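Treat the numbers as computed from the prediction; the structure is a model and nothing was measured. In what follows, chains carry the letters A, B, and so on, assigned in the order in which the sequence lines appear, proteins first and then strands, with residues in each chain numbered from 1.
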Protein chains: 2
Amino acid sequence: MAETDTETPRERYRTQVRAEIKEHAREQIATAGASALSLNAIAKRMGLSGPALYRYYAGRDDLITELVEDAYRSLADTLHAAAASGPDPRALAHAMRGWALEDPQRYLLIYGTPVPGYHAPDHVTVIANELMTTLLDACSATLPDGPVTPLDTHLANHRHWAADHPASPAVLHRALTFWTRLHGVLSLELAGHFAGMGFDPALLFAAELEDLLTDGGDPPTDHR
Amino acid sequence: MAETDTETPRERYRTQVRAEIKEHAREQIATAGASALSLNAIAKRMGLSGPALYRYYAGRDDLITELVEDAYRSLADTLHAAAASGPDPRALAHAMRGWALEDPQRYLLIYGTPVPGYHAPDHVTVIANELMTTLLDACSATLPDGPVTPLDTHLANHRHWAADHPASPAVLHRALTFWTRLHGVLSLELAGHFAGMGFDPALLFAAELEDLLTDGGDPPTDHR
DNA sequence: GCCGTTCGTTATAAGTTGTAACGCTCGTAA
DNA sequence: TTACGAGCGTTACAACTTATAACGAACGGC
């Protein structure tokens with residue numbers, strides 16, 4: 001940030017108002033979901049009239065896209081910080097769960113129901129790749145590398161998504177299951193599907209995590 | 001009136017129009033997502049004007065609720081049929097994936113991002129319980145019952161959701177992981193998060209399924 | 001101090017959900 | 001067969017929404 005002195009007052013004001021708009025949008029999404037986000041409501045809450053917001057965001061989609069990008073950025077930073085604290089993937093997993101529970105709608109903004117026509121801009125995919133990299137790093141540490149499964153050989157030939165990462169196919173496989181299993185528990189918990197069941201989702205999450213970390217030593221017999 | 005074994009013409013017409021409305025709604029949701037569902041658009045497509053639909057559905061929420069209920073019913077029937085074909089949970093899993101891929105938005109209508117304020121009516125929870133029962137049945141078949149994990153003991157004390165099902169805590173645990181792991185792969189696939197990665201989601205799904213079925217014999221050493 | 005960019009405003013268009021009031025139609029019952 | 005009434009579809013309206021256009025005012029760089 002060496003060149004912040006070149007910021008004109010106009011630019012400073014603009015970025016501040018944009019931040020304030022996003023703040024209200026976040027609050028609104030957290031309480032009523034992304035589908036209920038209303039530019040008009042935000043404007044009224046900020047003391048100005050509807051069309052004024054279009055000076056700052058091209059439209060509803062533009063605002064939501066930036067919120068998605070911020071969410072990705074926040075998750076990437078959180079996981080990166082957790083991974084930096086040590087080589088144990090447990091820290092990463094618990095950081096992920098904590099981040100998700102902190103604001104469920106923010107997690108669902110990334111991993112929830114997508115709009116069929118929508119395509120994420122490049123910024124987002126870049127951060128998603130960064131996320132994948134920290135996950136691969138964490139999964140590279142602890143692994144005895146058991147026998148090769150059919151999926152492993154397939155991933156060896158389709159590692160486009162981890163092109164520049166020096167990870168074995170088994171690590172790719174491990175990272176994917178790490179992702180999908182934790183997301184499986186987490187998304188169902190956040191969506192409220194465990195609500196009436198009575199058990200503690202944290203224990204299910206912990207059990208899945210332990211299974212992920214201990215299961216590597218003795219892979220399943222590949223009969224088929 | 002007392003013995004209306006045959007419905008009146010009015011009732012027949014009514015149910016037919018309701019079905020036609022739902023048909024258009026399904027199509028619309030499948031292509032543009034549930035958030036883009038418009039009663040007005042449906043009405044125009046059916047050749048009648050907006051408010052006419054309110055004779056058949058109290059509102060947008062009412063229509064969506066019935067679509068959710070239908071989706072649950074369809075999934076429950078599909079899984080029940082698959083489970084009836086044999087004791088192998090593989091059939092159930094592949095039936096689930098096939099059902100989801102057949103209409104992704106329908107799957108996401110059930111398991112996708114929920115609206116914070118919304119509470120599902122009793123019909124839905126009843127079908128959800130039915131779903132859980134067939135899953136528990138399928139998981140009861142093949143299981144060597146390894147050592148008891150912390151989650152197992154917790155589930156033994158919190159089996160409210162499977163009160164009338166004679167399943168061991170290990171089976172409850174197995175059913176939950178069956179659900180969460182398959183949903184983890186499936187939901188990420190349907191949401192398009194595997195899109196740019198290049199590998200085949202079907203293989204990841206199959207690998208998770210095989211791991212679920214073979215991992216039971218040698219449970220992880222519970223160190224901690 | 002001027003002048004132009006930027007901002008916020010009101011007005012407007014085209015949508016949406018949902019209610020109200022008015023006829024028409026059709027089935028039922030006498 | 002006729003008459004009645006429930007149900008259906010209509011238009012009109014209210015209260016929203018997103019989004020654009022045009023106007024005026026304020027603010028900052030020069």
Side-chain angles (χ1 to χ4, degrees), chain A residues 3-29 31-68 109 115-118, chain B residues 1-25 27-29 31-68 115-118:
Chain A
E3 334 262 340
T4 47
D5 52 349
T6 66
E7 236 184 349
T8 76
R10 275 260 159 86
E11 286 173 342
R12 224 178 327 170
Y13 179 72
R14 182 177 178 80
T15 59
Q16 193 212 328
V17 172
R18 278 176 70 100
E20 191 177 348
I21 292 173
K22 280 202 291 189
E23 194 54 42
H24 285 270
R26 263 189 289 268
E27 183 183 338
Q28 205 169 317
I29 284 182
T31 61
S35 62
L37 193 150
S38 161
L39 293 186
N40 247 323
I42 295 176
K44 275 178 188 165
R45 238 175 171 174
M46 289 178 65
L48 35 88
S49 276
L53 292 198
Y54 288 82
R55 297 281 177 195
Y56 301 95
Y57 288 97
R60 220 184 83 110
D61 290 1
D62 207 51
L63 176 55
I64 289 185
T65 294
E66 192 159 313
L67 289 172
V68 169
L109 204 58
V115 176
Y118 182 77
Chain B
M1 287 271 210
E3 317 219 335
T4 57
D5 51 349
T6 69
E7 21 178 355
T8 75
R10 276 263 158 85
E11 285 172 344
R12 223 178 326 168
Y13 179 72
R14 181 175 179 79
T15 60
Q16 193 213 327
V17 173
R18 279 176 69 100
E20 192 177 348
I21 292 173
K22 279 202 290 189
E23 195 54 42
H24 285 269
E27 183 183 339
Q28 203 169 320
I29 284 181
T31 62
S35 61
L37 192 151
S38 161
L39 293 185
N40 246 324
I42 293 175
K44 275 179 187 164
R45 242 179 173 170
M46 290 178 66
L48 36 89
S49 278
L53 292 199
Y54 289 82
R55 297 278 178 199
Y56 301 94
Y57 289 97
R60 220 183 83 109
D61 290 2
D62 207 50
L63 176 55
I64 289 185
T65 293
E66 192 159 315
L67 290 172
V68 169
V115 176
Y118 182 77

Undergrad: Could you state the CZ-P distance from A:Arg12 to C:dC7, rounded to the nearest angstrom?
TA: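 Between P of C:dC7 and CZ of A:Arg12: 14 Å.
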Undergrad: Where is the tightest heavy-atom contact between A:Tyr56 and A:Arg18, given as atom of each residue plus distance?
TA: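 Shortest heavy-atom separation between A:Tyr56 and A:Arg18 comes out as O-NH1, 2.6 Å.
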Undergrad: Round to a whole Å and report the spacing from CG of A:Leu48 to C1' of C:dT10.
TA: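 Computing the A:Leu48:CG to C:dT10:C1' distance gives 14 Å.
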Undergrad: List the steps, then state whether side-chain contact (heavy atoms from CB on, under 4.5 Å) holds for A:Leu53 with A:Leu63.
TA: CA-CA 10 Å; A:Leu53 292 198; A:Leu63 176 55; over 6 Å; no
Undergrad: Between A:Thr65 and A:Tyr118, is the side-chain contact (heavy atoms from CB on, under 4.5 Å) condition met? List the steps.
TA: CA-CA 10 Å; A:Thr65 294; A:Tyr118 182 77; 2.8 Å; yes
Undergrad: Does B:Arg14 put a side-chain nitrogen or oxygen below 4.0 Å from OP1 or OP2 of D:dG7?
TA: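 So the side-chain polar atoms of B:Arg14 never come under 4.0 Å of the phosphate oxygens OP1 or OP2 of D:dG7.
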Undergrad: For the residue pair B:Pro116 and A:Gly33, what are the closest heavy atoms and their distance?
TA: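 For B:Pro116 and A:Gly33, the tightest heavy-atom pair comes out as CG-N, 3.6 Å.
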Undergrad: What integer distance in Å separates A:Tyr57:OH from D:dT20:P?
TA: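 Rounded to the whole Å, the gap is 17 Å.
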Undergrad: Looking at C:dT9, C:dT16, C:dT17, which one has an atom nearest to any side-chain atom of B:Leu39?
TA: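 Of the options given, the side chain of B:Leu39 lies nearest C:dT17.
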Undergrad: A:Leu37 has an atom CG; how far is it from atom P of C:dT16, in whole Å?
TA: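 Spelled out: CG on A:Leu37 to P on C:dT16 is 20 Å.
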Undergrad: Of the options C:dG8, D:dA12, D:dT20, whose atoms approach the side-chain atoms of B:Pro51 most closely?
TA: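 When the side chain of B:Pro51 is considered, D:dA12 is the closest of C:dG8, D:dA12, D:dT20.
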Undergrad: What do the steps show when you test A:Leu37 against A:Ile42 for side-chain contact (heavy atoms from CB on, under 4.5 Å), and what is the final call?
TA: CA-CA 8 Å; A:Leu37 193 150; A:Ile42 295 176; 4.2 Å; yes
Undergrad: So if I take residues 15-25 of chain A and measure heavy-atom distances to DNA chain D, which residues fall below 4.0 Å?
TA: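 When residues 15-25 of chain A is checked for heavy atoms under 4.0 Å from DNA chain D, there are no hits whatsoever.
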Undergrad: If I compare all heavy atoms of A:Ile64 with all of A:Ala34, which pair ends up nearest, and what's the gap?
TA: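 Heavy atoms only, the tightest pair is CD1-O, 4.4 Å.
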Undergrad: Determine, step by step, whether A:Val17 and A:Arg55 satisfy the side-chain contact (heavy atoms from CB on, under 4.5 Å) criterion, reporting the C-alpha distance in whole Å, the side-chain angles of both residues, the deciding distance to 0.1 Å, and the verdict.
TA: CA-CA 10 Å; A:Val17 172; A:Arg55 297 281 177 195; over 6 Å; no
Undergrad: Let me know the distance between NZ of A:Lys44 and P of C:dT9, rounded to the nearest Å.
TA: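 Distance check: A:Lys44 NZ to C:dT9 P gives 12 Å.
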Undergrad: Base, sugar-phosphate or nothing for B:Tyr56? Non-hydrogen atoms, less than 4.0 Å.
TA: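 B:Tyr56: backbone/sugar contact only, no base atoms under 4.0 Å.
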Undergrad: List, with names and distances, any nitrogen or oxygen atoms from the protein found under 3.5 Å away from nitrogen or oxygen atoms belonging to nucleotides 22-30 of chain D.
TA:
{"unit_1": "D:dC27", "atom_1": "O2", "unit_2": "A:Arg10", "atom_2": "NH2", "d": "3.4"}

Undergrad: If you only use heavy atoms from C-beta on, which nucleotide in D:dT20, C:dT17, D:dT11 is closest to the side chain of A:Tyr54?
TA: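 The answer is D:dT20, which lies nearest to the side chain.
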Undergrad: Decide, yes or no, whether a salt bridge links A:Glu23 with A:Arg26 under the criterion of side-chain N to carboxylate O below 4.0 Å.
TA: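 Yes, charged N to carboxylate O under 4.0 Å.
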Undergrad: Which residue lies toward the 5' end of DNA chain C, A:Ser49 or B:Gly59, if each is placed at its nearest nucleotide?
TA: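 It is A:Ser49, whose closest nucleotide lies nearer the 5' terminus.
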Undergrad: What nucleotide among D:dG9, C:dT9, C:dT16 has an atom nearest to a side-chain atom of B:Asn40?
TA: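 For B:Asn40, the side-chain atoms sit closest to C:dT16.
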Undergrad: For a quick test of reading the model, state the closest non-hydrogen atom pair linking B:Gln28 to B:Ser38 and the distance between them.
TA: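 In this case the closest contact between B:Gln28 and B:Ser38 is NE2-N, 2.8 Å.
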Undergrad: Would you say A:Tyr13 reaches C:dG8's phosphate, i.e. side-chain N/O to OP1/OP2 under 4.0 Å?
TA: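 So the side-chain polar atoms of A:Tyr13 do come within 4.0 Å of the phosphate oxygens OP1 or OP2 of C:dG8, strictly under.
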Undergrad: Between P on C:dG18 and CG on B:Asp61, what's the gap in Å once rounded to a whole number?
TA: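 Rounded to the whole Å, the gap is 6 Å.
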Undergrad: Please state how far atom CD in A:Glu11 lies from atom P in C:dT6, giving the value in whole angstrom units.
TA: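 Interatomic distance, CD of A:Glu11 to P of C:dT6: 10 Å.
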Undergrad: Would you give the length of the straight line joining atom NE2 of A:His24 to atom CE of A:Met46, rounded to the nearest 0.5 angstrom?
TA: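 One finds 5.5 Å between NE2 of A:His24 and CE of A:Met46.
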